[in-house]
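In what follows, a structure is listed as structure tokens, so that the remarks can point back to it.
Because only heavy atoms are used, hydrogens play no part in the values below, and waters and symmetry mates are left out as well, while side chains stay in. Order of the sequence lines fixes the chain letters, A, B, ..., with proteins taken first and strands second; residue numbering starts at 1 for each chain.
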Number of protein chains: 2
Amino acid sequence: MGLAKTEMFTDQQNEIALFAKVFGHPARVAILQQLFKIDGCYCGDLVNEIGLAQPTISQHLKELKQLGLIKGNVEGTSVCYCINRENWIKMKQVMLQFLDQDISENDCC
Amino acid sequence: MGLAKTEMFTDQQNEIALFAKVFGHPARVAILQQLFKIDGCYCGDLVNEIGLAQPTISQHLKELKQLGLIKGNVEGTSVCYCINRENWIKMKQVMLQFLDQDISENDCC
DNA sequence: TTATTTAATTGCAATATTACGATTAATATT
DNA sequence: AATATTAATCGTAATATTGCAATTAAATAA
């Protein structure tokens, strides 16, 4: 079916999966790292930096924006993208809660 | 093409994306949370707990195992799964490095 | 007004993912 | 040996993702 049965899972599990999914492509990882590095990149800069076609980058930017992880500011014909710091921190808390689960010592296997 | 152009990205970016991708489905998040909670689950337990069909759970377990995040121990006709703690810690370091990037104060947008 | 620039959108081909029924493999039980 | 139990594998349908050429939209510059 190619479709996750989200109704069987908790909101928290679905939220974790949604954030993780958007990080599940190296182009989006690269875009975010570049935005952390430069802090305000035009779409064209990202196209040059990353080397995928402009529509492809634009599509990845859209997904990041939909999840609220980046903001886009229109400046004339350009659009300046940057990290949405507030939401990044919120996302980080959700992900850390998942990654930082207590690891007990007793190894079962 | 449905295929990520991994050769354009750094090993680190591809590694982050690979880990994130496996967390990008709520069933795999749920499996991992259950393994942290119970610490040694049989495949059948996970099928009952999560409510997807046995082949589906088996497939998700395979992906988690391929990435080294879980171990499976054969006990008769059953297989007991648990977290691979060593690799979980390694994965966490990679992901934290990505999530914990310095957030400067100056907001560009 | 007519280019020009920049980025979003559309449409599509190739590939990947998700889910599960049916089957198989391996072990345990009778 | 025959049966039962458990989980992996196979095959397949439905859907999602990735990438880009072509086009469009919107703003600026000439």
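- Crowding of A:Glu86 atom CD: a count of heavy atoms from other residues, nucleotides or ligands under 6.0 Å not exceeding 12.
- The side-chain heavy atoms of B:Lys65 and B:Glu63, taken from C-beta on, include no pair separated by under 4.5 Å.
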For nucleotides 2-6 of chain D, tabulate all protein N/O to nucleotide N/O atom pairs closer than 3.5 Å, reporting atom names and distance.
unit_1 : atom_1 : unit_2  : atom_2 : d
D:dT6  : O4'    : B:Thr77 : OG1    : 3.4

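- When atom types are taken as modelled, the side chain of B:Asn14 and the backbone of B:Thr6 share a donor-acceptor pair closer than 3.5 angstrom.
- Per the geometry, CG belonging to A:Leu64 stands 15 Å off C1' belonging to D:dT17, to the nearest Å.
- For B:Thr56, no side-chain nitrogen or oxygen approaches OP1 or OP2 of C:dT18 to under 4.0 Å.
- The distance between atom CD1 of A:Ile57 and atom P of C:dT6, rounded to the nearest whole Å, is 16 Å.
- The aromatic rings of B:Trp88 and A:Phe98 stand perpendicular to each other, their planes meeting at an angle above 60°, with 30° marking the opposite boundary.
- For D:dT17, the OP1/OP2 oxygens have a side-chain nitrogen or oxygen of A:Lys21 closer than 4.0 Å.
- As a whole-Å value, the separation of B:Asn73 CG from D:dA7 P is 13 Å.
- Checked by atom type, the side-chain pair B:Gln33/A:Gln13 shows a donor-acceptor distance below 3.5 Å.
- One can place CD1 of A:Ile31 at 13 Å from P of C:dA7, the figure rounded to the nearest angstrom.
- Between the two ends of the helix from C:dT1-D:dA30 to C:dT30-D:dA1, each summarised by a five-pair axis, the helix axis turns through 10° (rounded to 10 degrees).
- Side-chain nitrogen and oxygen atoms of A:Tyr81 include none within less than 4.0 Å of the OP1 or OP2 phosphate oxygen of C:dT6.
- The nearest whole Å value for the distance from the CG atom in A:Asn14 to the P atom in C:dT18 is 13 Å.
- Mapped onto DNA chain D by nearest heavy atom, A:Gly76 and A:Pro55 fall at different nucleotides, with A:Pro55 at the one closer to the 5' end.
- Atoms CG (A:Leu18) and P (D:dA16) sit 13 Å apart, rounded to a whole Å.
- Following rounding to the nearest Å, A:Lys5 (NZ) and D:dA14 (C1') show an atom-to-atom distance of 12 Å.
- For B:Arg28 (side chain) and B:Phe23 (main-chain N/O), no donor-acceptor pair under 3.5 Å exists by modelled atom type.
- For the pair B:Gln54 and A:Gly51, nearest-nucleotide mapping onto DNA chain D gives the more 5' position to B:Gln54.
- Taking the side chain as every heavy atom from C-beta outward, A:Leu61 and A:Cys43 approach each other to under 4.5 Å.
- Atom pair B:Glu49:CD and D:dA7:P shows a separation of 15 Å (rounding to whole Å applied).
- Contact annotation for B:Leu61: no contact, since no heavy-atom pair falls under 4.0 Å across all strands.
- In this model, the phosphate group of C:dA19 is approached by a side-chain N or O of B:His60 to a distance below 4.0 Å at OP1 or OP2.
- Within the nucleic acid shown, A:Lys65 has no heavy atom closer than 4.0 Å to any nucleic acid atom.
- Shortest non-hydrogen contact noted between B:Cys41 and B:Leu46 is CB-CG, 4.0 Å.
- For the pair B:Asn87 (side chain) and B:Gly68 (backbone), a donor-acceptor distance under 3.5 Å is present.
- Across all their heavy atoms, A:Leu99 and B:Lys92 have their closest contact at O-CD, 2.9 Å.
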